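The chain is numbered in sequence order, starting from 1. Nothing here was measured: the structure is a model prediction, and the numbers come from that model.
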Amino acid sequence: MNATGSPRRYALHGLRILSEIPLGEPVADGPHDLVVRWNTTGPGTGAPERRVLADASWDEGRGYRHVETTAGLRLAFRNVCEVLVTPDRRSLTVQQAPGADPELVPILLEGNVVATLLLLAGECVLHASAVCLGGRAVAFIGGSGTGKSTLAALCCAAGATFLTDDVLHLTAEAGAFHCASGGPEVRLRAGAASLAGCFADRPSRRTADGRLAVALRGGEAPPSWLAAVVVPVRTRSPRSRVTRLAPFDAWAALMRAPRVLGVRDPGVLRTEFETCSRLAQAVPVYRADAWAEPPSDPSLGAELLSSIGLV
């Protein structure tokens with residue numbers, strides 16, 4: 001993975017990326033917004049910090065510290081890699097940490113890194129998986145382990161088109177929100193891996209973070225507009241119960257699910273506040289009392305889509 005190869009072009013979350021590091025399914029050649037390379041010159045000298053952009057840590061020493069430096073941005077993922085971004089944010093290099101699993105790097109690039117760059121550019125990014133039907137999309141939002149990918153997979157088993165997993169980039173246009181296509185794979189945790197049986201004809205693989213990635217789409221997703229947001233809440237109920245939230249409760253739910261944790265940058269915090277407010281007023285937000293144990297009955301996906309008016 002860390003050997004430098006010929007760069008290929010990828011389409012991800014509204015960006016065209018020319019990358020030496022595989023980032024899903026390559027697309028046709030053309031212009032690009034971002035260049036991604038391995039660092040082949042050795043560790044950087046450590047440019048002085050100007051300010052902290054985001055800082056988060058959790059169990060087993062995992063986490064990250066993202067800073068602006070005198071030379072651009074330094075996005076440091078503990079014990080995995082360091083990503084150095086040029087001041088214009090159009091190019092970055094990745095320095096892998098000694099002994100780190102290189103297969104973790106694409107996961108971080110497709111998720112946290114791209115989300116951070118979009119947020120710093122003033123874009124709206126949700127911690128969400130999403131599907132679409134007939135040009136209308138539903139996003140499942142929440143923190144890690146809340147069931148976003150599970151519900152997206154269930155809806156795809158019921159006939160929806162997979163849109164994105166874990167990161168949803170939205171662009172506001174005339175009071176509506178256009179959804180950018182993410183990668184083609186949904187990454188299922190061990191408890192939901194049985195859902196792969198609903199897609200026996202689709203390629204699947206084990207990922208470096210212990211999940212089962214299933215390719216649910218070929219190429220980019222069709223254009224779609226956000227029609228609903230669903231907040232999964234785990235319960236013991238055998239069937240889901242869907243309730244529409246009032247605008248203030250919807251805004252609070254959106255604010256509780258940032259894609260990048262520990263943000264310190266005032267501009268990003270202001271953007272998140274304002275975009276969540278606009279979303280809560282313009283798009284229906286539902287609470288879905290979902291299942292504590294991931295189900296595998298595709299009819300549950302159809303039931304959920306029906307309850308929010310997408311079918």
Side-chain angles (χ1 to χ4, degrees), residues 1-5 7-10 12-23 31-58 60-127 166-167 169 171 180 258-275:
M1 169 68 76
N2 58 357
T4 301
R8 304 192 70 176
R9 185 170 172 268
Y10 302 88
L12 199 65
H13 308 308
L15 298 176
R16 294 296 190 267
I17 304 173
L18 185 66
S19 176
E20 294 178 347
I21 301 170
L23 299 175
H32 53 266
D33 308 297
L34 178 67
V35 176
V36 175
R37 299 185 179 93
W38 286 110
N39 182 355
T40 58
T41 61
T45 57
E49 293 184 11
R50 283 180 170 167
R51 61 190 178 112
V52 178
L53 303 173
D55 195 349
S57 60
W58 46 91
E60 300 175 356
R62 295 178 298 161
Y64 49 83
R65 178 180 170 83
H66 299 343
V67 300
E68 181 184 42
T69 74
T70 55
L73 306 179
R74 182 168 62 242
L75 313 182
F77 297 90
R78 297 182 181 96
N79 304 315
V80 180
C81 66
E82 186 174 84
V83 179
L84 302 179
V85 186
T86 56
D88 62 4
R89 301 176 197 160
R90 292 184 57 84
S91 179
L92 64 83
T93 58
V94 179
Q95 175 67 46
Q96 184 180 319
D101 186 345
E103 298 294 336
L104 289 171
V105 173
I107 296 172
L108 295 175
L109 289 174
E110 294 176 31
N112 188 290
V113 171
V114 167
T116 297
L117 295 179
L118 288 170
L119 287 169
L120 289 171
E123 298 293 315
C124 178
V125 178
L126 298 182
H127 196 177
D166 205 46
V167 176
H169 175 203
T171 304
R259 178 55 187 84
V260 179
L261 298 173
V263 170
R264 305 273 189 88
D265 181 77
V268 172
L269 292 172
R270 181 170 57 253
T271 296
E272 289 183 329
F273 183 97
E274 293 173 351
T275 54

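A distance-only check finds no donor-acceptor pair linking the side chain of R259 to the backbone of H169 [under 3.5 Å]. Judged by distance alone, with hydrogens and angles left aside, the side-chain atoms of R62 form no donor-acceptor pair with the main-chain N or O of R78 at under 3.5 Å. Looking only at distances, a side-chain donor or acceptor of R89 sits under 3.5 Å from a matching main-chain atom of L120. At distances below 3.5 Å, at least one donor-acceptor pair connects side-chain atoms of T86 with backbone N or O atoms of S91.
How far OG of S57 is from CG of L261: 10.5 Å, rounded to the nearest 0.5 Å. Once rounded to the nearest 0.5 Å, the distance linking NE2 of H13 with CG of L23 reads 9.5 Å. The CD atom of E49 sits 5.5 Å away from atom CZ of R74, with the distance rounded to the nearest 0.5 Å. Between the CD1 atom in I21 and the SG atom in C81 there is a gap of 8.0 Å [rounded to 0.5 Å]. The CG atom of D101 sits 12.5 Å away from the CG atom of N79 when rounded to the nearest 0.5 Å. To the nearest 0.5 Å, the span separating CG on D33 from CD1 on I17 amounts to 8.0 Å.
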Go through the steps to decide whether L84 and Q95 satisfy the test side chain to side chain contact (heavy atoms under 4.5 Å, CB included), and finish with yes or no.
-> CA-CA 8 Å; L84 302 179; Q95 175 67 46; over 6 Å; no
Tell me, with the steps shown, if D265 and R50 meet salt bridge (charged side-chain N to carboxylate O under 4.0 Å, His left out).
-> CA-CA 12 Å; D265 181 77; R50 283 180 170 167; over 6 Å; no
Derivation and outcome, side chain to side chain contact (heavy atoms under 4.5 Å, CB included), residues L117 and L92 = CA-CA 11 Å; L117 295 179; L92 64 83; 4.3 Å; yes
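Counted within 6.0 Å of CZ on R9, heavy atoms from surrounding residues, nucleotides or ligands total more than 12; the atom is thus considered enclosed. Heavy atoms from other residues, nucleotides or ligands lying under 6.0 Å from CZ of R37 number 12 at most.
Between F77 and N112, the closest side-chain pair of non-hydrogen atoms falls below 4.5 Å. Within the 4.5 Å cutoff, no side-chain heavy atoms of L53 are placed close to those of V268. Looking at heavy atoms from C-beta onward, Y64 lies out of side-chain contact with V80 at the 4.5 angstrom threshold. Between R90 and V35 the shortest side-chain heavy-atom distance does not fall below 4.5 Å. Between D166 and H127, the closest side-chain pair of non-hydrogen atoms falls below 4.5 Å. The side-chain heavy atoms of L119 and V260, taken from C-beta on, include a pair separated by under 4.5 Å.
A47 approaches A71 most closely through the heavy-atom pair CB-CB, 3.8 Å. Across all non-hydrogen atoms, the minimal contact from E20 to W38 is OE1-N, 3.0 Å.
Between D55 and R65, at least one side-chain N (NZ, or NE/NH1/NH2) sits under 4.0 Å from a carboxylate O, which counts as a salt bridge.
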